[in-house]
Structures are given as structure tokens and as C-alpha cells.
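To start, the structure itself, in C-alpha cells.
A note on names: the letters A, B, ... follow the listed sequences, proteins ahead of strands, and every chain is numbered from 1. What's counted below: heavy atoms across the whole structure, side chains too, no hydrogens, waters or symmetry copies.
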Number of protein chains: 2
Amino acid sequence: MAVATSPHSLLLQNPNRPLPKNPISPATRLNTVHLPAKPISIKCAATASQTQDQRPLTHAPAQSQDRVFNFAAGPATLPENVLLKAQSELYNWRGSGMSVMEMSHRGKEFLSIIQKAEADLRTLLNIPSEYAVLFLQGGATTQFAAIPLNVLKPEDPVDYLVTGSWGDKAFKEAQKFCKPKVIWSGKSEKYTRIPAFEGLEQSSDAKYLHICANETIHGVEFKDYPTPKNGILVADMSSNFCSKPVDVSKFGIIYAGAQKNVGPSGVTIVIIRKDLIGNAQEITPIMLDYKIHAENNSLYNTPPCYCIYMCGLVFEDLLEQGGLVEVEKKNEKKAKILYDAIDESNGFFRCPVEKSVRSLMNVPFTLEKPELEADFVKEAAKEKMIQLKGHRSVGGMRASIYNAMPLAGVENLVAFMKDFQARHA
Amino acid sequence: MAVATSPHSLLLQNPNRPLPKNPISPATRLNTVHLPAKPISIKCAATASQTQDQRPLTHAPAQSQDRVFNFAAGPATLPENVLLKAQSELYNWRGSGMSVMEMSHRGKEFLSIIQKAEADLRTLLNIPSEYAVLFLQGGATTQFAAIPLNVLKPEDPVDYLVTGSWGDKAFKEAQKFCKPKVIWSGKSEKYTRIPAFEGLEQSSDAKYLHICANETIHGVEFKDYPTPKNGILVADMSSNFCSKPVDVSKFGIIYAGAQKNVGPSGVTIVIIRKDLIGNAQEITPIMLDYKIHAENNSLYNTPPCYCIYMCGLVFEDLLEQGGLVEVEKKNEKKAKILYDAIDESNGFFRCPVEKSVRSLMNVPFTLEKPELEADFVKEAAKEKMIQLKGHRSVGGMRASIYNAMPLAGVENLVAFMKDFQARHA
């Protein structure tokens with residue numbers, strides 16, 4: 001979309017970026033964490049729209065030094081170029097004389113936005129034509145109810161494989177609308193592993209098998225997927241959606257809140273095999289009925305237009321990066337750097353999750369000396385690395401390193417961890 | 001927030017604004033529609049944030065001539081100064097190093113945003129402390145189900161006073177969850193009036209009386225409210241929320257999608273008397289349970305953060321305008337100009353709604369010669385007045401003139417109407 005040589009290129013390794021007050025010399029940091037020797041220039045989509053908007057962003061090069069590295073679990077960091085593009089066209093979208101926030105959802109401008117967002121998502125995930133893509137509201141938590149309400153009768157049995165808090169919440173909500181069974185739970189082991197699929201005792205009459213593909217709080221991620229004995233596979237992919245290629249045809253339903261990898265909070269994406277649509281229970285609120293939304297192309301009522309627009313910008317950006325194969329490579333590299341730093345700390349840092357199922361997105365870790373954890377979080381925040389505190393239900397720390405977390409963010413964190421250890425070991 | 005003499009002041013009557021191609025001389029327009037003789041300078045909140053953001057909006061004065069007058073029924077036009085402020089801080093909110101879209105909903109930054117939004121809304125509507133304010137998802141249509149699910153048992157009787165399509169939809173959805181009765185419907189009269197309250201045959205055991213305070217499609221607005229014989233008054237205020245003062249204490253529940261008067265689509269506001277909370281039916285999806293949201297201050301799961309932020313900016317702007325008493329005066333003035341133009345057209349333009357209940361927000365009208373309606377809409381669009389086509393269910397035209405529609409927009413429309421009539425009468 002834009003060229004690296006444009007004046008809007010962003011220097012990630014900005015020489016003016018304040019150095020940490022801790023005694024890590026720039027040289028040390030370069031040596032230990034492999035910071036690139038030359039500034040990285042990233043593509044800035046904002047430049048592409050300069051011909052359209054009336055508000056040139058003349059100060060872009062000075063921005064990145066003001067950004068924090070935001071390790072929040074969601075809402076989470078978004079690609080810098082996407083934010084700049086959104087800013088450049090917030091007031092007047094591509095000469096329409098309106099903000100996207102002001103557009104009728106039935107006008108040609110917004111229709112072009114939602115249709116392109118869906119088309120780009122279909123390209124990214126190679127979604128087969130027999131699947132519908134829905135842009136809904138209410139977060140994954142609404143889907144915990146909508147899924148049984150849409151595809152089950154009240155007496156239908158279903159299986160839940162519970163590998164963390166979110167899978168557990170999904171199971172509990174389903175109890176209102178069907179007969180769900182937990183066929184395996186990692187709770188007694190504090191959700192640190194995923195069982196072998198061969199040994200799973202699936203119900204022979206289960207209409208679906210539900211998994212949470214990546215547990216945001218516990219950092220447990222499916223690297224492969226179980227095959228349901230009966231019925232379909234249903235996956236909550238909220239926190240690893242579009243972080244790597246997925247064979248959609250293995251699933252009956254995939255659902256994801258957008259606010260981790262693909263947009264702001266307020267929109268939830270459901271990918272569902274079309275033959276599963278149209279059997280909602282009578283007590284289904286109309287806004288939870290997939291049939292209504294599928295028949296109306298997500299425009300039965302007013303959708304969360306601006307959130308969908310932002311997702312569309314992120315999908316464009318992911319395609320420009322080379323698609324999810326390339327995105328996965330970057331995510332693997334970032335995760336490796338961080339897990340290696342934990343594993344090579346001689347027990348100063350610890351990750352409780354079994355190595356084979358460690359999440360590429362959410363990295364929980366603790367300190368050998370828990371009394372230092374508050375200091376760790378506080379000092380990191382001073383170095384502009386924020387939201388590193390673990391979820392209140394598990395404690396410790398958690399670094400969420402979604403697609404949009406730059407490599408430099410992980411490198412900065414690892415440099416800080418080594419320094420912190422040197423000072424406290 | 002800012003001063004009218006700032007370089008960011010916007011000239012609504014910009015001398016560079018292209019004049020209509022139709023033969024209305026500027027003098028004619030000034031005389032007939034009372035355009036102000038001097039440029040109007042409006043406050044531009046964007047200037048207040050210039051000290052914080054790193055991206056000065058140096059071209060603001062040139063903007064307003066590029067904006068269209070957007071008469072869409074929702075999502076709808078937003079205040080220009082709110083958009084400029086949102087643009088100025090999209091990339092880096094007040095020195096936080098993050099966009100609002102990236103903030104953890106549990107971080108101190110977003111907490112300050114949602115708390116201020118609620119506080120400002122409470123001030124605007126003078127909401128008593130015994131009422132909860134909830135920021136939810138799913139639009140008013142989700143509330144059509146949530147209200148009976150939260151406050152009724154399946155056998156409970158309730159009354160619906162149906163003055164347009166939205167009230168009818170609310171009634172139909174309620175049939176899934178309780179025993180609603182339509183005690184009056186304007187359907188046979190094409191929804192053009194509201195009955196006298198004295199003659200209403202309310203059910204003596206109804207747990208609530210439901211009204212739609214302003215029917216967006218039909219342009220019928222309650223100017224006063226009926227008193228329920230039994231139970232509480234429940235009102236869908238989606239399309240006139242915050243357009244005028246309302247005595248909240250007369251209602252048990254007020255609900256409104258934000259995308260007409262107070263923000264972008266994606267957030268729905270519920271104002272509910274606290275003693276009504278906590279009795280949800282067992283089949284209520286957790287995300288539709290008011291108790292969960294009230295106990296968690298709308299943060300049970302991830303809320304639509306950016307939409308809430310935008311509402312907060314609009315609430316600030318409404319307070320700066322002097323609150324809803326002042327806002328109502330402006331709305332009355334705009335509506336009068338438009339209805340007068342219709343009524344004084346010797347039948348060329350017609351508004352079917354009974355005069356005493358004509359909406360200040362949505363003005364439906366038809367042409368004596370219906371074959372000209374398509375031309376009217378098309379020619380208006382050429383003059384940068386868009387989305388004037390009536391709802392597909394009723395035809396004709398509709399001008400939605402919410403809070404954020406400038407007086408100049410209505411004046412331009414009226415000037416165009418007079419010219420159109422002169423050419424086609």
C-alpha cells in the first residue's frame with residue numbers, strides 16, 4: 001500500500017527513544033537480544049490515503065517513540081500503520097464527506113467496507129464457500145449461549161474439553177440450553193496441558209465437541225485439533241484468531257471476539273457451516289439467531305460499523321504482510337525469544353505450561369521469588385512496557401504478544417527481564 | 001473547551017462552499033430561510049487537546065466545506081468537533097502511548113473514560129441514584145428480548161402501545177418470553193398518530209407498559225407519557241435519546257441504541273431502576289442479564305470500548321452546549337423550519353403525521369407527485385444532502401435531523417425544497 005521510503009515510515013529503533021533507566025547499555029541490549037543493527041522501516045498504510053484525506057499527518061516519524069509496548073490480553077495493541085490510516089480517514093472517509101462512524105449501514109459506502117472485510121477474511125483463512133461469515137455483537141460470551149441455542153435441542157448431549165477458564169465458562173453457560181458434559185478438564189492441574197486426543201472419552205451421541213483453541217488466561221494452545229467422534233468441532237478462537245493458518249473445513253463453527261488480533265472490542269466473528277444454520281430453539285432471542293444474520297449479511301439490525309471497518313483495515317494489513325503463513329512465522333519467532341528467556345533463566349522465571357502446548361499469543365510466567373512480582377510489573381511500566389500483570393485469577397505475570405506486538409517489544413521485554421534478574425538473582 | 005476565535009473554529013457558512021447548481025441566489029437563500037448574515041463560528045473541542053497529541057490538525061478550517069449534510073436515520077451525523085477531537089487523539093490518547101481502541105478495559109485509562117461517560121450522562125439526564133446505567137451491546141433489538149427476560153416470568157402479562165414499526169418489533173420479540181398484549185396500534189392508520197392516554201384500555205395486571213418514545217421510521221414522537229395503570233413504564237428511546245430533557249423517574253427502564261444522537265453504532269444504553277434488577281428467567285443468556293452487568297459496572301466481559309469513548313465525547317459536547325434544555329431549543333428550531341416548509345408548500349410536500357406528535361428527530365414527507373421523489377433524492381445528493389430516501393417499508397423521503405445536524409443543514413434542505421418546488425410545481 002505504501003512505500004518504505006516514504007516520510008511516514010516509522011523507525012522502530014528510534015535513536016531518540018528513551019533508554020531504560022536500568023543499567024543495560026545499548027550495546028548490551030543489541031548483543032543479548034539481537035536487536036537489529038539497522039533501523040527497521042515498516043510499511044505505513046497511512047501514506048496511501050494522503051491523496052484522499054484533507055489532514056496530512058506531517059508528524060508521523062516522531063510518533064513511535066511515544067508509543068508504549070502494550071502487553072494487554074485484549075483489547076490489545078493494534079498495528080501502528082492501521083491506527084495511522086484510521087486516524088487519517090476518521091474525519092472524512094475517502095472523500096465521502098463523512099466519518100465511517102456516521103455512515104448508514106445500508107449506504108453504498110459502508111456496504112463496500114463490510115463486503116471487503118468479509119472477502120479479505122475469507123482470503124486470509126481460505127474459508128470455503130459453504131461457510132457463512134457473520135459480524136455480530138456481544139463477545140464470545142454471547143456465543144457461549146448462541147451456539148447451543150442455534151444448533152441443539154434442549155435435550156441434546158454435547159462434549160466440552162476444558163483447558164482453561166474460558167472453556168469452563170462456555171460449558172457453564174451451555175448448561176442452560178442443552179446437556180453438556182465435560183469430558184476432560186485441566187482444572188486440577190491448574191490448566192497447564194492438553195490431553196492426548198486418543199485417550200479422550202467422547203460421548204458417542206454428542207452433537208458437537210467444544211474446545212477453546214487458545215486459553216487467554218492460562219496460555220494453553222491447541223497445536224492440532226481433536227476429531228469429534230460424532231457431530232462437529234466447535235472452537236472459540238478469540239485469542240488466536242488469524243494468528244496462523246487454520247483448516248476451517250475441520251470445524252463446524254469457529255467464533256472469536258475481535259479485540260485480540262483483529263480489531264477493537266465490540267465485534268465478534270462467527271464462521272459457521274451453512275447447513276448448521278436455521279434450527280434455533282424457540283427461546284432464542286432474535287439477535288442470537290444465526291439465520292437472521294446470515295440471511296441479512298450481518299445487516300439485520302445496525303451492526304458495529306466502526307469496529308468492522310477497523311477489522312477490515314487489519315485484514316488488509318495481514319494480507320499485505322503475506323498472509324497467515326508469514327504472520328505465523330513472526331509469531332513463532334517472538335514467542336521463541338520469550339519462552340527461551342524464561343527457560344534459560346535458571347528458574348528465576350517460570351512458565352507453568354507444558355512446552356508442547358504453550359501459546360504463541362499469551363505467555364504466563366511467574367518469578368521464583370513471588371515477592372518481586374509487583375516490582376517487576378512496576379519497573380517494566382516505567383520502561384513503557386505495560387499490562388504485564390497476570391490475570392487476577394492466576395496471579396504472576398502475562399505477556400500477550402498478539403500479531404500486532406512488534407518484535408522490538410518482545411526484545412525489549414527480554415532485555416528488561418535479563419536486567420531485572422541480574423539485579424535480583 | 002475551546003474558543004470561537006481559535007484557528008480551528010469552523011465556518012459553517014463558508015464562502016468557499018460550492019453553491020447549489022440550482023438557481024437559488026445566495027441572497028434568496030438568506031431571505032427565505034433566514035441564513036445568518038454573519039458566519040457562524042462553532043466551538044471546536046479539538047483545539048483543547050492540541051497540547052496533548054502529537055499530530056496537530058493544521059488544516060481544520062478547510063474541512064467543513066468537504067462535509068456532506070447527512071440525513072441518515074442512524075448511524076447518523078456526529079458533531080464535527082467531536083470527530084475532530086476523536087481524530088486528534090486516535091493514535092495516542094492523552095499521552096497514554098495508546099489508542100483508546102488498544103486499552104485494556106480494566107486499565108485505569110479506560111476506567112476513567114467509562115466512569116466519566118456515565119457521570120456526564122447522569123448529569124445530562126439528571127438520572128436519580130436509584131437507577132443503574134449500563135453500557136451494553138446488541139442494539140435495542142437485543143433489549144426487546146432482554147427486558148421481558150429480566151423483569152418478567154413467562155406467564156406475566158404486559159402491555160404494548162404500538163405507534164410504529166419498532167414498537168411492533170418489540171412486541172413480537174416479547175411474545176417468546178411473556179404474555180404481551182397490544183392495547184393500541186396505529187398500524188391501520190399507517191402509524192401517523194398517538195392515541196389519547198385517557199381512553200387507553202390498559203390491562204389491570206400488566207407488569208409494564210411499553211412504548212417507543214420516537215418511531216424512527218414513521219416520525220411519531222411522544223410529547224408526554226402515559227401513566228401505567230399497574231407496573232412500570234418502559235421506553236425505547238433509541239432515536240430521541242438525549243435530544244431533550246426527560247424525567248427519568250417516570251420510567252422503570254429506558255433503553256437506546258447510541259447510533260442516532262449519542263455515538264457510533266455498537267453500544268446500547270440501558271437506564272433501569274435498581275430494584276428491577278436480579279430476577280432474570282433461567283433461560284436468560286448471561287450477556288442479557290442486567291444483574292451481571294450492573295454488578296460489574298458494565299465490565300463483566302469486554303465492552304465496546306471505543307464506542308463508549310465516543311459517546312463520552314458526545315456527552316461532554318452536549319454539556320458544553322448547555323445541557324438538554326438548550327439542545328431541545330435547537331432541535332425545536334430546526335424541526336419548525338422543516339415542518340413549516342412542508343406545510344407551507346400548498347401540498348407539494350406532505351407530512352402524514354398528526355401535527356401534535358410530529359418527531360423533532362425524524363421528518364418523513366412525500367411529494368404530491370410521487371414520480372418526482374427519485375429525482376428529489378438524487379438532486380439533493382448532488383447538493384451534498386444525502387440519505388434523504390424514506391425507509392424501504394414506507395417510501396417517500398425522510399430527513400433525520402438529530403442533535404448533530406447543524407441548523408445550516410436544515411436551512412440548506414429547505415432552500416433546496418423551495419427551489420425544487422419552483423422548478424416542478
Donor-acceptor pair, distance only, cut-off 3.5 Å: does the side chain of A:Asn70 make one with the backbone of B:Met98?
no

Greater than 12 external heavy atoms within 6.0 Å of A:Lys389's NZ:
no

Most heavy-atom pairs under 4.5 Å with chain B, out of A:Ala73, A:Pro304, A:Pro75, A:Gly74, belong to A:Pro75

Sort A:Cys305 into side chain, backbone, both or neither according to what part of it lies under 4.5 angstrom from a heavy atom of chain B.
both

In terms of heavy-atom contacts, A:Ile286 and B:Glu173 come closest through N-OE2, 2.7 Å

Counting heavy-atom pairs under 4.5 angstrom with chain A, the leader among B:Gly266, B:Ala145, B:Pro285, B:Ala72 is B:Pro285

Specify which of A:Glu102, A:Gln137, A:Met101 makes the most heavy-atom pairs with chain B at under 4.5 Å.
A:Glu102

Portion of B:Ile308 that has a non-hydrogen atom of chain A nearer than 4.5 angstrom:
neither

Quick one: CD on A:Gln143 to CE on B:Met287, what's the gap to the nearest 0.5 Å?
10.0 Å

At their closest point, which heavy atom of B:Ser265 faces which heavy atom of A:Pro303, and how far apart are they?
OG-O, 2.7 Å

Interface moiety of B:Lys169 toward chain A, non-hydrogen atoms closer than 4.5 Å
side chain

Per-residue contact mode, A:Leu136 against chain B (heavy atom under 4.5 angstrom)
neither

For B:Val68 and A:Ser96, which heavy atoms make the closest approach, and how far apart are they?
CG1-O, 3.7 Å

Rounded at 0.5 Å granularity, tell me how far OG1 in B:Thr141 sits from CG in A:Asn301.
4.5 Å

For the pair B:Gln87 (side chain) and A:Gln87 (backbone), establish whether a donor and an acceptor sit closer than 3.5 Å, ignoring hydrogens and angles.
yes

Top contributor to chain B contacts, counting heavy-atom pairs under 4.5 Å, from A:Val267, A:Thr284, A:Thr302, A:Ile386
A:Thr302

Among A:Pro264, A:Ala146, A:Gly138, single out the residue with the greatest number of heavy-atom pairs under 4.5 Å to chain B.
A:Gly138

Largest heavy-atom contact set with chain B, pairs under 4.5 Å, which of A:Arg392, A:Glu282, A:Lys172:
A:Arg392

For the atom pair CG (B:Leu90) and CG (A:Leu84), what is the distance rounded to the nearest 0.5 Å?
9.0 Å

Looking at CG of B:Asn92 and CG of A:Asp66, how far apart are the two atoms once the value is rounded to the nearest 0.5 Å?
6.0 Å

For a side chain to side chain contact (heavy atoms under 4.5 Å, CB included) with A:Ser99, tell me which candidate from B:Thr77, B:Leu78, B:Leu83, B:Val82 qualifies.
B:Leu83

Under 4.5 Å from a heavy atom of chain A, the part of B:Phe144 involved:
neither

